[in-house]
Amino acid sequence: MADVKLHPDWLAAIGGEFEQPYMAALKQFLADERAKGKAIFPRPRDWFAALDATPPQQVRVVILGQDPYHGPGQAHGLCFSVQPGVRTPPSLVNIYKEMRSDLGIPPAPHGNLQHWAEQGVLLLNNCLTVESGMAASHQGKGWEKFTDAVVATVATDPAPKVFILWGSHAQKKAANVAGLGTGSPHLVLRAPHPSPLSAHNGFFGSRPFSQANEFLEAQGRGGIDWRLPETPGIAAA
């Protein structure tokens with residue numbers, strides 16, 4: 001996987017994972033799928049974009065997703081986020097609705113969350129690739145072990161962080177992570193997934209953004225500026 005970008009601090013923290021047999025098998029699986037002419041999202045250089053954008057020592061919030069978006073041009077390596085110019089997906093529309101209700105922040109005219117990642121919000125999917133049009137198609141191929149190692153690295157670091165777990169999938173993934181149990185220095189926020197299928201079952205009204213900031217500020221780590229710039233790549237005023 002030499003053609004991908006990965007922040008050197010993450011490479012130092014979890015680089016040993018790339019030497020494990022499961023990662024060799026995953027690499028071969030992805031090479032075989034591409035050799036068959038299958039479209040894989042996101043593009044290879046974006047597979048580790050979440051880690052490249054948010055070094056381990058800068059992580060203040062973790063949001064766990066499941067798979068990258070499987071439509072052409074959507075996924076770029078950050079969970080729930082899409083590339084500039086792509087229509088905002090329904091789950092992210094609901095995230096924006098909750099953010100407005102919670103903090104009074106109006107929805108951004110786009111779905112790119114890079115601004116969050118640059119502030120220490122690790123936007124990590126459970127699986128980092130997917131076949132075009134085939135949701136969950138790369139589950140069980142090895143990505144889960146890799147992202148478990150990422151989550152464990154973040155959770156075992158004692159600097160206080162907020163883990164925002166939307167839906168049963170994210171909650172199960174984090175359930176047995178060392179550092180998230182009794183006496184944890186971190187705040188764990190659980191709510192239903194923001195999908196239109198479940199958002200009305202308790203996601204709306206869960207106030208994750210204000211709760212995260214209240215905790216971070218109380219811990220002396222500073223809150224997240226959840227406002228997104230009108231234009232991706234240009235800092236919010």
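Quick caveat, the model's predicted, so the values are computed rather than measured. What you see below is based on every heavy atom in this structure, not just the backbone, and it leaves out hydrogens, waters and symmetry mates.
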Self-check item: Backbone of A135 reached by a side-chain donor or acceptor of D67 within 3.5 Å
Solution: no
Quiz prompt | Donor-acceptor under 3.5 Å (S195 side chain, S91 main chain) | solution = no
Self-check item: Sequence-distant partners of A25, side chain to side chain contact (heavy atoms under 4.5 Å, CB included), two or more places apart
Solution: none
Quiz item: Are the aromatic rings of F48 and F18 close, with centres under 6.0 Å apart?
Solution: yes
Self-check item: Any donor-acceptor pair under 3.5 Å from W226 side chain to I105 backbone
Solution: no
Quiz item: For K145, what residues pass the side chain to side chain contact (heavy atoms under 4.5 Å, CB included) criterion, not counting sequence neighbours?
Solution: Y22
Quiz item: Can a salt bridge be assigned to the pair K141 and E33 using a cut-off of 4.0 Å between side-chain N and carboxylate O?
Solution: no
Practice problem: For residues G73 and Q83, report the shortest heavy-atom separation together with the two atoms involved. | Solution: O-NE2, 3.3 Å
Exercise. Check the side chains of N94 and E98 for a donor-acceptor pair under 3.5 angstrom, ignoring hydrogens and angles.
Key: no
Quiz item: What do the steps show when you test W143 against T129 for side-chain hydrogen bond (donor to acceptor under 3.5 Å, both in side chains), and what is the final call?
Solution: CA-CA 8 Å; W143 280 128; T129 59; 2.7 Å; yes
Quiz item: Would a distance-only check, ignoring hydrogens and angles, find a side-chain to backbone donor-acceptor pair under 3.5 Å from E19 to A24?
Solution: no
Self-check item: Within-4.5 Å side-chain heavy-atom neighbours: W116 and D225
Solution: no
Quiz prompt | Pairs where residues 103-113 contributes a residue and the test salt bridge (charged side-chain N to carboxylate O under 4.0 Å, His left out) is met, not counting sequence neighbours | solution = none
Quiz prompt | Whether S198 side chain and H193 backbone form a donor-acceptor pair below 3.5 Å | solution = yes
Quiz item: What residues, two or more places apart in sequence or in another chain, satisfy side chain to side chain contact (heavy atoms under 4.5 Å, CB included) together with P90?
Solution: P196
Self-check item: Selection residues 164-192 - residue pairs positive for salt bridge (charged side-chain N to carboxylate O under 4.0 Å, His left out), sequence neighbours left out
Solution: D148-K173
Quiz prompt | Under 3.5 Å: donor-acceptor pair, side chain of Q171, backbone of L165 | solution = yes
Quiz item: Does any N or O in the side chain of T54 come within less than 3.5 Å of the main-chain N or O of A117, such that one atom is a donor and the other an acceptor?
Solution: yes
Quiz item: With no hydrogens and no angle check, is any side-chain donor or acceptor of H186 less than 3.5 Å from a backbone partner on A155?
Solution: yes
Quiz item: With a 4.5 Å heavy-atom cut-off, do V82 and P89 have their side chains touching?
Solution: yes
Quiz prompt | Point-to-point distance, once rounded to the nearest 0.5 Å, from CG of L92 to OH of Y69 | solution = 5.5 Å
Quiz item: Between H76 and S81, do the side chains contain an N or O donor and an N or O acceptor separated by less than 3.5 Å?
Solution: yes
Self-check item: Side-chain donor/acceptor of R60 to backbone N/O of G222, under 3.5 Å
Solution: yes
Quiz item: Has the side chain of T153 got a donor or acceptor atom that lies under 3.5 Å from a matching backbone atom of A149?
Solution: yes
Practice problem: Over all heavy atoms of both residues, which pair between T156 and A178 is shortest? Give the atoms and the distance, please. | Solution: CG2-O, 3.5 Å
Practice problem: Using the test side chain to side chain contact (heavy atoms under 4.5 Å, CB included), find all partners of D9 that sit at least two apart in sequence or belong to another chain. | Solution: H7, P55, P56, Q57
Practice problem: Take E214 and R207 through the test salt bridge (Lys or Arg N to Asp or Glu O under 4.0 Å) and record every step on the way to the result. | Solution: CA-CA 11 Å; E214 288 167 6; R207 300 178 57 246; 3.7 Å; yes
Exercise. Using a 4.5 Å cut-off on heavy atoms from C-beta on, say whether the side chain of N213 contacts that of I224.
Key: yes
Quiz prompt | Sole candidate of L64, V151, L122, V61 that passes side chain to side chain contact (heavy atoms under 4.5 Å, CB included) when paired with F163 | solution = V151
Quiz item: Considering residues, nucleotides and ligands other than D32, do more than 12 of their heavy atoms fall under 6.0 Å from its CG?
Solution: yes
